[in-house]
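Read through the structure below, which is laid out as structure tokens, and then see the notes.
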Amino acid sequence: MRWLCILLGSAVLLAGGEAVRAAETLRCDVPAGYYRLVDVENDGAIEFRRSPTHRSSLLSALEAGGVVESDGTRNLGDTTWQKVKIMRTEGWVPARKLWRALPLTLEKTAFPAAGWCGDSSPLWSMSWEGKLVRLSLYPGRFETAVHSVKTSGNSASTLVSGSAPGMSFNVIYSDDVCRDIDGAMLGLGRAHLVVSRNGEQEIYSGCCTISASAFSNRPLPGSVKP
């Protein structure tokens, strides 16, 4: 992996005319894109902090297996940190906890090719893989086809439409922040599902995650660090 390293700092002119650097920071950038959270050291939850230091406030404790987005910025200090985004929240995680993930998407949009959405009030779920969508609503389970995926150019505004005999659906996806009952951030965002059946419309809202099958089968590291 090729890194672009830049030494950031400010020059200070001393009385004797000697220039020195203050507050130097070494930044080594890596490719932007999706990264999978990995726990190669088996030491538990992964820190997601406001700034690239262990002393910074903790935004959330993340679990291995999730996927985050990153612009590739890395900050090298006592620990190498990488800047990531979870929905609309930006922060930093230890770079050794990230392994690059290559996404598969629907119809050349930013919408992932596989994932899951749902909530418990009311209880509902939606899972999709490619063009097949499975809906579990009360009452009934449905298997439908995706007809179209439209986006404004980024994953924060996506409309997915499909139908099955006797029903049709639209999913409006946004990257609004979602948290589970323990307060942990979920990795995709929020969706609103509109179902038309029996001449009536039903509206469901919930949080979404990306499935592992939405990424190419690059093996995760064992003891190998990115």
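The figures here come from the full heavy-atom set of this structure, side chains too, leaving out hydrogens, waters and symmetry mates.
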> Going only through I, L, V, M, F, W and Y residues with side-chain contacts under 4.5 Å, is there a path from Leu135 to Trp128?
Replying inline: yes
> So Val68 and Phe48, side chain to side chain contact (heavy atoms under 4.5 Å, CB included) or not? Walk me through it.
Replying inline: CA-CA 11 Å; Val68 296; Phe48 180 40; over 6 Å; no
> For Asp119 and Ser205, which heavy atoms make the closest approach, and how far apart are they?
Replying inline: CB-O, 3.4 Å
> When you take the SG atom of each Cys, Cys117 and Cys208, is the space between them under 2.5 Å?
Replying inline: yes
> Cut-off 3.5 Å, side chains only: do Ser57 and Arg50 have a donor facing an acceptor?
Replying inline: yes
> If only atom types and distance count, is the side chain of Arg49 paired as donor or acceptor with the main-chain N or O of Ser56 below 3.5 Å?
Replying inline: yes
> Given side chains that start at C-beta, do those of Val84 and Tyr35 come closer than 4.5 Å, heavy atoms only?
Replying inline: no
>> List the residues meeting side chain to side chain contact (heavy atoms under 4.5 Å, CB included) with Glu90, not counting sequence neighbours, and say none if there are none.
In response: Lys83, Lys85
>> If the condition is side chain to side chain contact (heavy atoms under 4.5 Å, CB included), which residues does Glu200 pass it with, not counting sequence neighbours?
In response: none
>> Tell me the closest heavy-atom pair linking Val38 and Arg96, and the distance in Å.
In response: CG2-O, 4.0 Å
> Between Ser163 and Thr144, what is the shortest heavy-atom contact and its length?
Replying inline: O-CB, 3.6 Å
>> Looking at every heavy atom in both Glu47 and Pro94, which two are closest together, and how far apart are they?
In response: O-CD, 3.5 Å
> So do Leu62 and Ile86 actually touch side chain to side chain, heavy atoms under 4.5 Å?
Replying inline: yes
> side chain to side chain contact (heavy atoms under 4.5 Å, CB included) with Arg197: which residues, sequence neighbours excluded?
Replying inline: Leu137, Pro139, Phe142, Met167, Val195, Glu202, Tyr204
